[in-house]
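These notes are about the structure you will find just below.
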Amino acid sequence: MASLEKVLYTAKAHTTGGRDGASRTDDGRLDVKLSSPGTSGTGTNPEQLFAAGYSACFIGAMKAVAGMQKISLPADLAIDAEVDLGKVGQGYGVAARLNVSLPGMDRAAAQALVDAAHQVCPYSNATRGNIDVTINLV
């Protein structure tokens, strides 16, 4: 396991009630109700939050790589993230898919960028070897 050499930021959240509770960050920028997936609850669920976080982080990694390589990214780049929740033995696990859209970009260059971003992205590094992650260039 790699240890952080220098902490750049620490996110802090206070959660109560688990999947049917609420969560808020210490700065008040995020304040959400939580509901279990597949229920009629009005809140979001941890898998949706993970999908949003991973896809946002991955776009940041693509921008970082593009900056290092001095290449331009399409203004309308997007990621449709999917996070599955399922059984693993007696417990539960997740799997993730990132469907990356880089319109107008040469396919080989886009694939090289996605591959490099997958090595840089903190979420990719955290999940690598722990859960199934598929990254599709669409």
Side-chain angles (χ1 to χ4, degrees):
M1 176 176 76
S3 296
L4 297 178
E5 295 171 11
K6 180 181 177 184
V7 174
L8 302 175
Y9 173 76
T10 300
K12 297 179 182 177
H14 178 79
T15 304
T16 58
R19 287 182 170 273
D20 295 303
S23 190
R24 71 177 186 280
T25 56
D26 64 331
D27 62 7
R29 292 182 182 182
L30 179 70
D31 190 350
V32 295
K33 291 180 185 176
L34 300 170
S35 298
S36 293
T39 67
S40 60
T42 60
T44 189
N45 62 63
E47 290 71 32
Q48 290 170 323
L49 294 169
F50 184 69
Y54 197 170
S55 56
C57 188
F58 200 85
I59 288 174
M62 289 192 304
K63 287 180 177 182
V65 169
M68 288 185 282
Q69 296 179 355
K70 302 200 182 328
I71 59 175
S72 296
L73 292 175
D76 53 350
L77 74 91
I79 296 177
D80 291 315
E82 302 170 349
V83 173
D84 301 321
L85 171 66
K87 294 286 286 176
V88 177
Q90 297 297 313
Y92 296 89
V94 294
R97 283 176 304 289
L98 301 180
N99 299 305
V100 181
S101 175
L102 293 162
M105 209 171 162
D106 172 77
R107 186 152 185 92
Q111 187 64 58
L113 173 74
V114 166
D115 292 345
H118 191 40
Q119 297 306 308
V120 170
C121 176
Y123 275 60
S124 291
N125 288 331
T127 59
R128 187 171 291 109
N130 297 311
I131 68 169
D132 288 333
V133 173
T134 304
I135 301 179
N136 301 308
L137 182 59
V138 296

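All values below were derived from every heavy atom in this structure, side-chain atoms included, with hydrogens, water molecules and symmetry-related copies excluded. Along the sequence shown, residues are numbered consecutively beginning with 1. No experiment lies behind these values; they were computed from the predicted model shown.
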Heavy-atom nearest pair, V100 first then M62, reads CG1-SD, 3.8 Å

When you group the ILVMFWY residues by side-chain heavy-atom contacts below 4.5 Å and let the links chain together, are V138 and I135 in the same group?
no

Could you give me the CA-CA distance, side-chain angles and deciding distance for M68 and K63, then say whether side-chain contact (heavy atoms from CB on, under 4.5 Å) is met?
CA-CA 9 Å; M68 288 185 282; K63 287 180 177 182; over 6 Å; no

Under a side-chain separation threshold of 4.5 Å, the hydrophobic residues clustered together with V88 are none

Could you tell me which residues satisfy ring-ring contact (aromatic ring centres under 6.0 Å, His included) with F58, sequence neighbours excluded, listed by chain and number?
none

Linked hydrophobic residues, V32 as query - side chain contacts closer than 4.5 Å
L30, L34, L49

Sidechain-backbone polar pair: Q48 side chain, N45 backbone, donor-acceptor under 3.5 Å
yes

So, taking the atom named CG in L98 and the one named CG in D80, what distance separates them when rounded to the nearest 0.5 Å?
10.0 Å

Acceptor/donor pairs from residues 111-122 side chains to any protein atom, 3.5 angstrom cut, sequence neighbours excluded:
unit_1 : atom_1 : unit_2 : atom_2 : d
Q111   : NE2    : D115   : OD1    : 2.9
H118   : ND1    : S124   : OG     : 2.7

Take atom NZ in K12; do more than 12 heavy atoms of anything else shown fall under 6.0 Å from it?
no

Ring pair (Phe, Tyr, Trp, His ring centres under 6.0 Å) contacts touching residues 64-98 (sequence neighbours left out):
none

Looking only at heavy atoms, what is the nearest atom pair of A51 and A81, with distance?
O-CB, 3.5 Å

Shortest non-hydrogen contact from A110 toward L102
CB-CD1, 3.8 Å

Applying side-chain contact (heavy atoms from CB on, under 4.5 Å), run through Y54 and V133 and close with a yes or a no.
CA-CA 11 Å; Y54 197 170; V133 173; 3.5 Å; yes

Within the supplied structure, the quantity of interest is the number of heavy atoms (other residues, nucleotides, ligands) at a distance under 6.0 Å from D132 CG; does it exceed 12?
no

Looking at NZ of K33 and OG of S23, how far apart are the two atoms once the value is rounded to the nearest 0.5 Å?
14.0 Å

Is it true that L8 and I59 fall in one hydrophobic cluster, defined by side-chain heavy atoms closer than 4.5 Å?
no

Closest approach of P37 to L85 (non-hydrogen atoms, all atoms of both residues):
CG-CD2, 4.0 Å

Between R128 and N125, what is the shortest heavy-atom contact and its length?
NH1-OD1, 2.5 Å

Please enumerate all residues that pass salt bridge (Lys or Arg N to Asp or Glu O under 4.0 Å) together with R29, with sequence neighbours excluded.
D27

Please assess L137 against R107 for the test side-chain contact (heavy atoms from CB on, under 4.5 Å), listing each intermediate value before the final yes or no.
CA-CA 8 Å; L137 182 59; R107 186 152 185 92; 3.7 Å; yes

Using only atom types and a distance under 3.5 Å, with no angle test, would you say the side chain of S35 pairs donor to acceptor with the backbone of T42?
yes

Please determine whether the number of non-hydrogen atoms from other residues, nucleotides or ligands lying under 6.0 Å from atom CZ of R97 exceeds 12.
yes

Got a donor-acceptor contact below 3.5 angstrom from the D20 side chain to the S36 backbone?
yes

E47 versus E82: any side-chain heavy-atom pair under 4.5 Å?
no

